[in-house]
*Asks:* 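What follows is a structure written as structure tokens; I'll ask about it next.
Model, not experiment: these values are computed from the prediction.
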Amino acid sequence: MEQTKSVLAQENLDRECLDNNNLDLTTQKRAGKKAASKRRWFWAAGICALTAAALVTGTLILRKEIKINPILAEGYEVHGVDVSHYQGTIDWDVLSQDLDFAFIKATEGSTHVDDRFQDNWQAAEQTHLYLGAYHFFSFDSEGHKQAASYIDTVGSLDGKLAPVVDVEYYGNKRSDPPGRTEVIENLRAMLDTLEQHYEIKPIIYTTYTVYNDYIKGEFEDYPLWVRSVYCPPSVLFGNKWSFWQYMDTAMLDGYAGDQKYIDMNVFRGTKQELEKLTIQKIMY
């Protein structure tokens, strides 16, 4: 009888210990769940904070209140601008300070000549700048006629940079883009005519959208001048670019037009490499 009581007592003791162990395990599980829940909350809060910061930063970049491109552009050796009649009268001695090259608008479509081209061209020739003349491509005009207008207006490019054809949407062309086949045909006609005349491949200026719509896969062997004012060009174009228009809200001394801003650019290379894009022989 005493042995039976002893056995029962031991069983009760074991059961009590087991209950205590189960209680400890339950408590530990609850504590673990609470800790895991807290960690998940911290992770979720962190992700939300990072997402909010990214959205705010992205919005500020799109509003051009945060400008990362000028900082990145400082890493390039060769800097320049592009101008048109919008900059009005330009004092090229002043504007050319701290710059290496300038592209000046010459023509648009098959008939239009920029009002300030001749004055800008002649005055800029008296500076140290590498100069180039650009044409604004029209989706509504035959390519060879546009090339003829450029050649008649600009004339010799001896010692100057290769001709530039600016291909971007204008007016309602973004919402109602022209047919790909027709654009490629006219653009090719213009580029071929310019290359035959000046004996150098023209430079194509373009935006990301137009590049993907018409340029990509068709004109890969031409020097590319890209517009990317919100982020570095490698994000949109990879390594397929020679010039980068990184900013369209710069303000410099030396011009007095209705447009207070001026476009800033860099060349992806050295001045010696830029020389390879100049025309070395005299044209007649």
*Asks:* Using the rule given for side chain to side chain donor-acceptor pair (under 3.5 Å), can you reason through T127 versus S96, listing the C-alpha separation, both sets of side-chain angles and the distance that settles it, and then say yes or no?
*Replies:* CA-CA 7 Å; T127 69; S96 63; 4.9 Å; no

*Asks:* Could you check if a side-chain atom of Y211 sits within less than 4.5 angstrom of a side-chain atom of L236, using non-hydrogen atoms only?
*Replies:* no

*Asks:* Quick one: does any side-chain atom of E273 pair with a main-chain N or O of T270 as donor and acceptor, under 3.5 Å?
*Replies:* yes

*Asks:* Any side-chain to backbone donor/acceptor pair from Q146 onto S138? Under 3.5 Å, distance only.
*Replies:* yes

*Asks:* Does E125 pair with K160 as a salt bridge, N-O distance under 4.0 Å?
*Replies:* yes

*Asks:* List the steps and the verdict of side-chain contact (heavy atoms from CB on, under 4.5 Å) for Y246 and H79.
*Replies:* CA-CA 11 Å; Y246 67 87; H79 293 251; 4.3 Å; yes

*Asks:* If you apply the rule side-chain contact (heavy atoms from CB on, under 4.5 Å), what do you find for K105 with N120, and how did you get there?
*Replies:* CA-CA 9 Å; K105 183 178 181 181; N120 281 330; over 6 Å; no

*Asks:* Is the ring centre of Y170 less than 6.0 Å from the ring centre of F139?
*Replies:* yes

*Asks:* Quick check: does any side chain N or O of N69 sit under 3.5 Å from a backbone N or O of S228, one acting as donor and the other as acceptor?
*Replies:* yes

*Asks:* Would you find a donor on one side and an acceptor on the other, under 3.5 Å apart, between the side chain of Q126 and the backbone of A123?
*Replies:* no

*Asks:* Treating T107 as the side-chain partner and H135 as the backbone partner, does any N or O pair qualify as donor plus acceptor under 3.5 Å?
*Replies:* no

*Asks:* Distance-only, no hydrogens or angles: does the D82 side chain make a donor-acceptor pair with backbone N or O of F103 under 3.5 Å?
*Replies:* no

*Asks:* Say you draw a straight line from OG1 of T193 to NE2 of H144; how long is it, rounded to the nearest 0.5 Å?
*Replies:* 7.5 Å

*Asks:* Partners of K271 by salt bridge (Lys or Arg N to Asp or Glu O under 4.0 Å), sequence neighbours excluded?
*Replies:* D100

*Asks:* Donor-acceptor pair, Y150 side chain versus G109 backbone, under 3.5 Å?
*Replies:* no

*Asks:* So which heavy atom on T111 is nearest to which on S149, and how close?
*Replies:* N-OG, 4.3 Å

*Asks:* Looking only at heavy atoms, which two atoms of P178 and Y169 are closest? And how far apart?
*Replies:* CD-CE2, 4.1 Å

*Asks:* So, Q87 side chain and Y261 main chain: donor-acceptor pair closer than 3.5 Å or not?
*Replies:* yes

*Asks:* Please check this pair: side chain of N186 against backbone of G143, looking for a donor-acceptor N/O pair closer than 3.5 Å.
*Replies:* yes

*Asks:* Please state whether the rings of F243 and F267 are parallel, tilted or perpendicular, taking 30° and 60° as the class boundaries.
*Replies:* tilted

*Asks:* How far does NE2 of H112 sit from OG1 of T153, to the nearest 0.5 angstrom?
*Replies:* 10.0 Å

*Asks:* Would you kindly check if the NZ (Lys) or CZ (Arg) of R268 is within the cone defined by 45 degrees around the ring axis of W241 and under 6.0 Å from the six-membered ring centre?
*Replies:* yes

*Asks:* Atom CZ in F137, atom OH in Y205: separation rounded to 0.5 Å?
*Replies:* 15.5 Å

*Asks:* Below 4.0 angstrom, N of the basic side chain to O of the carboxylate: do R227 and D248 qualify?
*Replies:* yes

*Asks:* I want to check something: taking the side chain as every heavy atom from C-beta on, are V83 and W92 in contact at a cut-off of under 4.5 Å?
*Replies:* yes

*Asks:* Search all heavy atoms of Y214 against all heavy atoms of P177 and return the closest pair with its distance.
*Replies:* OH-CB, 3.6 Å

*Asks:* Can you name the nearest heavy-atom pair linking G80 to L99, along with the distance?
*Replies:* CA-CD2, 4.2 Å

*Asks:* For the OG atom of S110 and the CD atom of E142, what is their distance to the nearest 0.5 Å?
*Replies:* 8.5 Å

